[in-house]
Asker: 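Below you will find the structure I want to go over with you.
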Amino acid sequence: MTRIQADEKLLKRLGSYQKASLIVGVLGILVLIAGYFLGAEDFFPGYLIGWMFWMQVALGALVILMIQNTVGGRWGLIIQRVVEAATMTIPLLGVLFIVVIIGIPHLYEWSHAEVVAHDELLQHKAPYLNTPFFIIRSVIYFVLWGGIAWLLRKWSVKLDEHPDDAATRKKLRNLSAPGILLFGFTVTFASVDWMMSLEPHWYSTIYGMMFGVGALASGFAFSIVVLMGMVKYKPWSGIIQTLDVSDLGNWLLAAVMLWAYMAFSQFLIIWSANLPEETTWYIARTTGGWQWVAIINVFLHFFLPFFLLLSRGTKKEPGRLKKVAWLVLIMRFVDLVWMIYPAFSPGKLAFPWVSLAALIGVGGLFLAIFFHQVAKVSVPPLYDSRLPVTQASEEAHGHVS
Amino acid sequence: MAASTDSAEVPVLGPGQTYATVTDRISGVILTKETPRGWWIGFGIAFMVMMLMLFSLTVLFAKGVGVWGLDNTVAWGFAIVNFVWWVGIGHAGTLISAILLLFRQEWRNSINRFAEAMTIFAVANAGLFPIIHTGRPWLAYWLLPYPSMFQLWPQFRSPLLWDVFAISTYVTISLLFWYVGLIPDFATLRDMADNKVVRRIYGVFALGWRGAARHWAQYSRASLLLAALATPLVVSVHSVVSFDFAVSSVPGWHTTFLPPYFVSGAIFSGFAMVLTLAIPIRKYFHMEDFITDRHLENMAKVMLATGLIVFYAYIMEVFFAWYSGNQYEQFMIYNRMTGPYAPYYWSLILANGVIPQLLWFKRVRRTPWILFIIAIIVNIGMWLERFIIVVTSLHREYLPSTWTYYAGTFWDWSLYIGTLGFFFALIFLFLRVLPMINMFEMKELVHHLSHRGKEH
């Protein structure tokens, strides 16, 4: 089979995006470093928010990739290489996690021996919530996620060259199905470690699932934004017209709905039982101005994208779908601020400006790797039997050197 | 949602099927004067077990709910366990008919009809339990908000009331969906029947269907609309059922992930029941060409996926009980694992958590008799799960002086087993008088497949 190379224009575009991202990323990191030494207020919580945003995009991409490898479906053809590229950022995010490790004493109450000494509940949790074990767990998560992502990418690229290699195809599926299971557990514990334990007395059993589904929504929203940006260029222009992009819209809709379902379930159950040890989490997030963020979250993270995505017109029209995906991405960030920051500013609306610098700094580096990875290999997976036959041959004639 | 590599291996339709053979094979089961002996035996047994249910109900109405094993501490016993179990089973039918229709999964075509029938019969059984559990079933209409002379108004903040709406919506939509899907097949039966009375009966139900293009256009619009209406029900009905537990402050009930956990459990048990029915039916009526190994395998995959979510919930329940640092939560788990119901708990872990892991292996998914055994084990396991949730949380609640041991009495068991008889009696009747597989959708599939064959 011949290699479907991206359009020259697209490659150029990707190259310039990569450069721009790198510059912006480095500038962002410099601002962060300056902010740290100038003693910016709430540096670590802000960094955690910005870093977490990109982390969950990468995690969403990883689970989309594994779902795709397991269940198939035509939507996978267009999204596969994009999510593959996004998972290649996991090692980078792992390196950037070092900042969070440095910030443990600033972020996590349970890391202070003197606090734990006066707190029975934290003493009980100490076998789990302690600095060494926290770091070990995080390392395990990154090794697992990074390892799975690396293998899936390697095999997928290998299949481009040898599309008939049944053994490699089988490997893709045999790793992905248990990978989803592993993902479920690791993401749950990661969300407990990194976010839930910011308020170490509080717990909610749905938290991990809710975070995972939020990551799924971010993964789809991010992929849609990227794909719909490339839609004018070959070979995407041909492929996306032939295949139904509305499937991606449906997935985004499903993820947004699941997120709302879980967020609402948690709220209803905690509100209804009205137990003081549980309601604190919501009180910190629904008083002193935070309630407006909560309401905005309900409307713009759920209702608006929900109604927009219900319409077939939105899902069929790349430009409109892209706008909705942007909305979801922005709201994912707002949601993370709302989930994380009230732990540091309970019942008092505040915005850690550092989170924007982190969002841009981490994001720039993330995107630089991402665009590099997208441009590196054939844009649609060539071994994919779902690639439209006429399209493939036409593209092959037009663009293969 | 199987990948393309799979479809090449086992087709969704046996070879050599044409429009005529599809109609003959499926309608032949119904339009024959000779009822097979196996049917009589099966129906007879189910009918007798159903009589047990009626007997048990009579005793219950005559003497009151005191005949059950309930007491002040464990006020929710078998009735709620069975209610949740039966509602859960219904979910597979809705998932197959609604969600898989929206996802355009053609493998759903041969199993949707009896999965939907199963849904309706299961929900009928489910609906029975809360009503008789009220103790005065003749006043069940009090559950509805209606302008009443005694100013009796239901508590709208109670999920028990939401259940009334959720379940009644569920029954209505499922019944409509099933009936609308049957109309073209009723017309086929009307046209094929020799007996005048039979023709007349099917004719009435066919609502004058003539197969005109307009009929088909409206038909497909109606099915899509009903599918869209039924889709949220797959999630909402069992979520509301889970709220019955979760909004309380009882350890083991009050946990935020209960809604998705219940929904997955429902689909898990529902697919187990579909497999329990489909495997013997396809064997007995020689329907292997329509319900192929591919169908069984796909259902096994859905079971594996939902079973894993349930297993995740079992593990997280333990982790968070410890993590919470709450002594009541911890005691609840400790009591489940080592208390008087420990054998139940560990059997449920084995049945729902461990044994379904066999479904990872393709050979297991492709071997009907093993699948059948796993499906039965999962059915039992899911019943045990509900029993554990309902009973272990209640029997040793906050106040040790109220602790008791709960066990079902003869009347608990006879009613539960009786509803199984009711369920299977209805299934047998369904198999005899209605086409168990959707004939026209199978013909559509014949068309698609022959068309596709020409292309490549």
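Each chain gets a letter, A, B and so on, in the order its sequence line appears, and its residues count up from 1. Atom set for the values below is all heavy atoms of this structure, side chains included, hydrogens, waters and symmetry mates excluded.
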Asker: Would you say A:Ser204 and A:Trp281 are linked by a side-chain donor-acceptor pair, where the criterion is simply a distance under 3.5 Å?
Answerer: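 Looking only at side-chain atoms, A:Ser204 and A:Trp281 do not form any donor-acceptor pair under 3.5 Å.
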Asker: When you compare the side chains of A:Arg173 and A:Asn69, does any donor N or O come within less than 3.5 Å of an acceptor on the partner?
Answerer: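 A:Arg173 vs A:Asn69: no donor-acceptor pair found between side chains.
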Asker: Please rank A:Ser265, A:Pro127, A:Pro200 by heavy-atom pairs under 4.5 Å with chain B and give me the top one.
Answerer: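 That would be A:Ser265.
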Asker: Which answer fits A:Phe267, side chain, backbone, both or neither, if we ask what part of it has an atom under 4.5 Å from a heavy atom of chain B?
Answerer: neither
Asker: Going by residue number, which parts of residues 310-318 of chain B are within reach of chain A, meaning a heavy-atom gap below 4.5 Å?
Answerer: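 Interface residues of residues 310-318 of chain B: B:Tyr312, B:Ile315, B:Met316.
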Asker: Of the backbone (N, CA, C, O) and the side chain (C-beta and beyond), which part of B:Gln330 lies under 4.5 Å from a heavy atom of chain A, both, or neither?
Answerer: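 Interface part for B:Gln330: side chain.
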Asker: Take atom CD in A:Glu120; do more than 12 heavy atoms of anything else shown fall under 6.0 Å from it?
Answerer: no
Asker: Taking the side chain as everything from C-beta on, heavy atoms only, tell me whether B:Met303 gets closer than 4.5 Å to B:Leu359.
Answerer: yes
Asker: List the atom of A:Tyr207, the atom of A:Trp202, and the distance in Å for their closest heavy-atom pair.
Answerer: CD1-CZ3, 3.7 Å
Asker: Relative to chain A, which segment of B:Thr255 carries a heavy atom at a distance below 4.5 Å: side chain, backbone, both, or neither?
Answerer: both
Asker: Locate the shortest heavy-atom distance separating B:Gly325 from A:Leu121; write the atom from each residue and the value.
Answerer: CA-CD1, 3.6 Å
Asker: Name the region of A:Leu129, side chain, backbone, both or neither, that has any atom closer than 4.5 Å to a heavy atom of chain B.
Answerer: side chain
Asker: Tell me, please, which residues at least two apart from A:Leu182 pass side chain to side chain contact (heavy atoms under 4.5 Å, CB included).
Answerer: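 Scan of A:Leu182 (side chain to side chain contact (heavy atoms under 4.5 Å, CB included), adjacent residues dropped) gives A:Leu144, A:Ile148.
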Asker: Select one option (side chain, backbone, both, neither) describing which atoms of B:Phe243 are under 4.5 Å from chain A's heavy atoms.
Answerer: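 The side chain, not the backbone.
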Asker: With chain B as the partner, which of A:Gln266, A:Lys125, A:Met210 has the greatest number of non-hydrogen pairs under 4.5 Å?
Answerer: A:Lys125
Asker: Quick one: closest heavy-atom pair of B:Gln357 and B:Gly353, and the distance?
Answerer: NE2-O, 2.7 Å
Asker: Sort out for me which of B:Val235, B:Val247, B:Thr256 touches chain A most, counting heavy-atom pairs under 4.5 Å.
Answerer: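 If we count pairs closer than 4.5 Å to chain A, B:Thr256 comes out on top.
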Asker: Quick check for you: among A:Ile180, A:Leu268, A:Ile270, A:Leu275, which has the greatest number of heavy-atom pairs under 4.5 Å with chain B?
Answerer: A:Leu268
Asker: Does B:Val390 offer a backbone N or O that forms a donor-acceptor pair with the side chain of B:Ser393 under 3.5 Å?
Answerer: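 Side chain of B:Ser393 to backbone of B:Val390, a donor-acceptor pair under 3.5 Å: no, none is there.
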Asker: Using distance alone, with no hydrogens and no angle criterion, decide if B:Tyr334 and B:Gln327 have a side-chain donor and acceptor under 3.5 Å apart.
Answerer: no
Asker: For B:Val250, which atoms come within 4.5 Å of any heavy atom of chain A: side chain, backbone, both, or neither?
Answerer: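 Answer is neither: B:Val250 stays 4.5 Å or more from chain A.
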Asker: Using non-hydrogen atoms only, which part of A:Met262 is less than 4.5 Å away from chain B: side chain, backbone, both, or neither?
Answerer: side chain
Asker: Is B:Pro260 close to B:Ile309 at the side-chain level, that is, under 4.5 Å between some pair of heavy atoms?
Answerer: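 With C-beta onward as the side chain, the pair stays apart.
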Asker: With heavy-atom distances below 4.5 Å as the criterion, would you say the side chains of A:Leu159 and A:Arg169 are in contact?
Answerer: yes
Asker: Mind checking whether B:Phe262 and B:His238 have parallel, tilted or perpendicular rings, split at 30° and 60°?
Answerer: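 The rings of B:Phe262 and B:His238 sit tilted, inter-plane angle from 30° to 60°.
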Asker: Using non-hydrogen atoms only, which part of B:Trp360 is less than 4.5 Å away from chain A: side chain, backbone, both, or neither?
Answerer: side chain
Asker: Side chain, backbone, both or neither: which part of A:Pro178 has an atom under 4.5 Å from a heavy atom of chain B?
Answerer: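 Both parts, backbone and side chain.
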Asker: So for A:Ala177, is it side chain, backbone, both, or neither that comes closer than 4.5 Å to the heavy atoms of chain B?
Answerer: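 The answer is both parts of A:Ala177.
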